[in-house]
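Okay, structure first, notes after.
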Amino acid sequence: MDVFQRFEAVVADQVAALVAEGTIPAEAAGAAIVLEPPRDASHGDLATNAALALAKPARMNPRELATLIGLKLARHPEIATAEVAGPGFINLTLEEGVWRSELARILSEGPDYGRGEAAIETLPVNVEYVSANPTGPMHMGHCRGAVVGDALASLLAFAGHQVTREYYVNDAGGQVDVLARSAHLRYREALGEAIEIPEGLYPGDYLQPVGKALAAEFGDRYAAAPESEWLVPFRARAVAAMMEMIRGDLALLGIHHDIFSSEAALLASGAPQRAEAELRARDLIYDGVLPPPKGETPDDWEPVELPLFRSTAYGDDIDRPIRKSNGQWTYFGNDMAYHAEKARRSSALVNIWGADHAGTVKRIEAAVEALTHGEKRLDVKLVQMVRLFRGGEPVKMSKRAGNFVTLADVVREVGRDVVRFMMLTKRPEAMLDFDFAHVVEQSRENPVFYVHYAHARISSVLRKASELALPVPELSRLDADELGLAKLAAQWPRLVRQAAAAREPHRIAFYLADLAGGFHSLWNRGNDDPAFRLLREDDPQLTAARLELARAVAQVIRTALSVMGVTAAEELR
RNA sequence: GGUCCCGUAGCUCAGCAGGAUAGAGCGGCGGUUUCCUAAACCGUAGGCCACAGGUUCGAAUCCUGUCGGGACCA
């Protein structure tokens, strides 16, 4: 239990005491009481709105109630002062010993400081991310979702959830047939034919090795054979090769999924039929005719009866077909069955999708809600696109011409840590600009550098200090500014809980920038006045105390970075 | 035409499940060099939180509508 949770309990106890005394009615105890660090440090260490929240149900003046609660809180041995402020806030200042022992705790718990306790949140969570079509290498379009999904999975795991990282392989649609045809062309090329890649097939030369492997395996057996003879085996081998490539690309970012679920296998298992049967039995699927699309009606549109899922019952605009007029499952039909399957395995589902799939969110959320009998287990997180720049100039990409920027290229150029960190420097729902020149710059504007720099500075000092014989640290030697940094470090467990609850891994990056800033600030104090330097040869006791603080900050930086999948730098070169 | 996302300082963005005087970086102005280095720090100026209603003791935050930018569907 961290500092914040502990004092939340203390506040709750006092509220319960007021109920027991009959000062406030029992039903008021359900009010939303929060305890948070105040924005303004002069307001103390913690602030609670308890009196404001309880005033109305208790039919009392908020400031009077605050005074009452404040008096009770002030008796707590770890609370130095409890002051009523503003409309009825209670500002708490804790005894300094609380923060000193928290500092000691950071060091004793090490990389586990802030880790969620299993008892709090053990829900199994399934995070599905990347799920790129197995038709080519990963490119930058996939990168952000991959990093956000992976960091979220780590965050949830660190917060105490059981996490499954899953990748849905779309190996059953028309795209993979196109892949098989493209591979066949490369196969003929490998056999010595001169080929020309027609419009509509994948032009990338990453299929050349696949063609060669097919030639080696089959000789010229399928060179002139009709498609029906080679499509299935070629498709299987091409998909397998693409998945191997994708796994390799993801590994460059340090991303490893636990499960790769195959759409084709799902289809073969009859899962869509089962989902359909269940929903038909509950009248959530019916045969009907959709209205023509609004706006321009395409010439080939004609009314057809299709099996439709009643997504409108869950807030969608129209009901959605689960099969096409030729009887094949729609993408949605398969996806519905897939999510039903996932929902059986996990109590919470998170999907990380590109913003281009925004239009299909409602129907799949509706389907999960229907199939799980109203439990809203699915949370679809949309990740906006990344715009690439090089020194301020946009990087041109044309997917059709095959000259897109691959993820592997980017990782090779700027490094895995930089890519991972940068992808988390904005809220996922806002567009992100990624400038190759900027992200490797060593300046204050570059948060990756800024955070690494703080850690490197601490590492350097600790290397130097290792030669000194220092006494046991006496943390009471730390001054108010130093204790302020300790308080910031002590917020890490709370940040983990909140970021995990909101499912927003980017908050870690912003917290790290704050923490690093706090450290740089203290460091520079030492440049202004040597008395503030961490290493004070004339005062080993003070040195020992300051190094404890520095160690704790470095520990939290390392832990937070590791949740983001980034390695802390010992030195900068 | 519809759905989704965004609109906070000149620029790029935070804003913690509604809380106190809305924050940070860049850029502007003025300062600070013995530890990893001025690659950093400190100070200062700069805001009708797009707009209009609503809910609330209290709204940048929640709801409705309008305007502007983007993505997608057809």
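Quantities reported herein were computed from a predicted structural model and do not represent experimental measurements. Order of the sequence lines sets the chain letters (A, B, ...), proteins ahead of strands, with each chain counted from 1.
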- Note on the structure: Side-chain atoms of Ala358(A) come closest, of C4(B), A38(B), A17(B), to C4(B)
- May I have the distance from Asp529(A) (atom CG) to C35(B) (atom P), rounded to whole angstrom? 14 Å
- Quick one: label Leu534(A) by what it contacts on the DNA or RNA (base, sugar-phosphate, nothing), any heavy atom closer than 4.0 Å. base
- Partner nucleotide, any strand, of C57(B) [Watson-Crick/G-U, under 3.5 Å]: G19(B)
- Query: Just checking His357(A): base, sugar-phosphate only, or nothing, at a heavy-atom cut-off of under 4.0 Å?
  - Reply: nothing
- Expressed in whole Å, how much space separates the C1' atoms belonging to C72(B) and A59(B)? 31 Å
- Message: Heavy atoms only, 4.0 Å cut-off, all strands: where does Asn49(A) land among base, sugar-phosphate and nothing?
- Response: base
- Item | Side-chain donor-acceptor pair present, Asp433(A), His438(A), cut-off under 3.5 Å | no
- Value in whole Å for how far the C1' atom of A17(B) lies from CZ of Arg507(A): 8 Å
- Task: Give the nucleotide from the list A20(B), C35(B), A17(B) with an atom nearest to the side chain of Arg533(A).
- Result: C35(B)
- Message: If the cut-off is 4.0 Å, is His520(A) near the phosphate of U32(B), judged by side-chain N/O to OP1 or OP2?
- Response: no
- On a whole-Å scale, what distance lies between the P atoms belonging to G27(B) and C11(B)? 16 Å
- Message: With a 6.0 Å cut-off on the ring centroids, do Tyr450(A) and His520(A) count as close?
- Response: yes
- Short side-chain N/O contact to C26(B) OP1/OP2 from Tyr450(A), under 4.0 Å: no
- With centres under 5.5 Å and planes under 30°, do Phe89(A) and G19(B) count as stacked? no
- Message: Taking only the C1' atom of each, what is the distance from C5(B) to A45(B) in whole angstrom?
- Response: 34 Å
- Query: Expressed in angstrom and rounded to an integer, what is the separation of Leu468(A) atom CG from C35(B) atom P?
  - Reply: 16 Å
- Query: Given atom CG of Leu522(A) and atom P of C42(B), what is their separation to the nearest angstrom?
  - Reply: 10 Å
- Query: Rounding to the closest angstrom, what is the interatomic distance between G46(B) and G68(B) at atom C1'?
  - Reply: 24 Å
- State whether the aromatic ring of Tyr453(A) stacks on the base of C36(B), taking stacking to mean ring centres under 5.5 Å apart and ring planes under 30° to each other. no
- Message: Can you tell me which nucleotide in U3(B), A40(B), C6(B) comes closest to the side chain of Arg427(A)?
- Response: C6(B)
- Using the C1' atoms only, state how far U8(B) lies from G23(B), rounded to an integer number of Å. 10 Å
- Partner nucleotide, any strand, of G7(B) [Watson-Crick/G-U, under 3.5 Å]: C67(B)
- Message: Whether Lys464(A) contacts C35(B) is assessed here as follows: a side-chain N or O lying under 4.0 Å from the phosphate OP1 or OP2. Is that the case?
- Response: no
- With the side chain of Gln442(A) defined as its heavy atoms from C-beta on, choose the nearest nucleotide among G19(B), A39(B), A14(B). A39(B)
- Message: From CG of Leu495(A) over to P of A14(B), roughly how many Å is that when rounded to an integer?
- Response: 15 Å
- Message: With a 3.5 Å distance limit and no angle check, can you tell me whether Asp417(A) reaches the backbone of Val566(A) through a side-chain donor-acceptor pair?
- Response: no
- With the side chain defined as heavy atoms from C-beta on, Ala430(A) is closest, among C72(B), C35(B), A14(B), to A14(B)
- Note on the structure: G2(B) -> Watson-Crick or G-U wobble partner, both distances under 3.5 Å, gives C72(B)
- Task: Please determine, for C36(B), whether a Watson-Crick or G-U wobble partner exists with both distances under 3.5 Å, and give it or none.
- Result: none
- In Watson-Crick or G-U wobble terms, with both distances under 3.5 Å, the base opposite U12(B) is A24(B)
- Message: Work out how far the C1' atom of C35(B) is from that of C41(B), and round it to whole angstrom.
- Response: 15 Å
- Query: What about Asn91(A), does its side chain sit under 3.5 Å from the base of A20(B) through a donor-acceptor pair?
  - Reply: yes
- Message: Given U34(B), C6(B), A71(B), identify the nucleotide with an atom nearest to the side chain of Ala355(A).
- Response: A71(B)
- Note, Ile557(A) side chain near Leu512(A) side chain (heavy atom, < 4.5 Å): yes
- Going 5' to 3' along nucleotides 58-70 of chain B, which nucleotides have protein heavy atoms under 4.0 Å from the base (write B), which only from the sugar-phosphate (write S), and which from neither (write -)? --B---------S
- Message: Taking donor-acceptor contacts at under 3.5 Å, does the side chain of Asp317(A) reach the base of G2(B)?
- Response: no
- Task: Give one of base, sugar-phosphate or nothing for Ala499(A), where a contact means two heavy atoms less than 4.0 Å apart.
- Result: nothing
- Query: Lys56(A) NZ to U55(B) C1': how many Å, rounded?
  - Reply: 11 Å
- Message: Whether Glu365(A) and Lys362(A) form a salt bridge (side-chain N of Lys/Arg under 4.0 Å from carboxylate O of Asp/Glu) is what I want to check.
- Response: no
- Query: Quick one: does Arg525(A)'s side chain get under 4.5 Å of Glu482(A)'s, heavy atoms only?
  - Reply: yes
- Message: Under a 3.5 Å cut-off for both contacts, is C29(B) paired Watson-Crick or G-U wobble with anything, and if yes, with which nucleotide?
- Response: G43(B)
- Query: For Arg507(A) and Gln498(A), does a side-chain donor sit closer than 3.5 Å to a side-chain acceptor?
  - Reply: no
- Task: Report which part of the nucleic acid Pro447(A) touches: base, sugar-phosphate, or nothing (heavy-atom distance under 4.0 Å, all strands).
- Result: nothing
- Contact under 4.0 Å: Lys362(A) side-chain N or O vs U3(B) OP1/OP2: no
- Message: Can you measure Leu547(A) atom CG to C35(B) atom P for me and round it to whole angstrom units?
- Response: 16 Å
- Note on the structure: Of the listed C36(B), A20(B), A17(B), the closest approach to the Ala501(A) side chain comes from A17(B)
- Over how many whole Å does the gap from Asp40(A) atom CG to G15(B) atom P extend? 20 Å
- Message: Rounding to an integer number of angstrom, what distance separates U3(B) and A39(B) when you compare their C1' atoms?
- Response: 47 Å
- Tell me whether the OP1 or OP2 atom of A40(B) has a side-chain N or O from Ser521(A) closer than 4.0 Å. no
- Message: Distance check, C1' atoms only: G19(B) and G58(B), in whole angstrom units.
- Response: 7 Å
- Message: At 4.0 Å (heavy atoms only), tell me whether Arg387(A) reaches a base, stays on the sugar-phosphate, or touches nothing.
- Response: nothing
- Would a distance-only check, ignoring hydrogens and angles, find a side-chain to backbone donor-acceptor pair under 3.5 Å from Asp2(A) to Gln491(A)? no
- Item | Earlier contact from the 5' end, RNA chain B, for Glu504(A) and Ala53(A) | Glu504(A)
- Should we count CZ of Arg59(A) as having more than 12 external heavy atoms under 6.0 Å? no
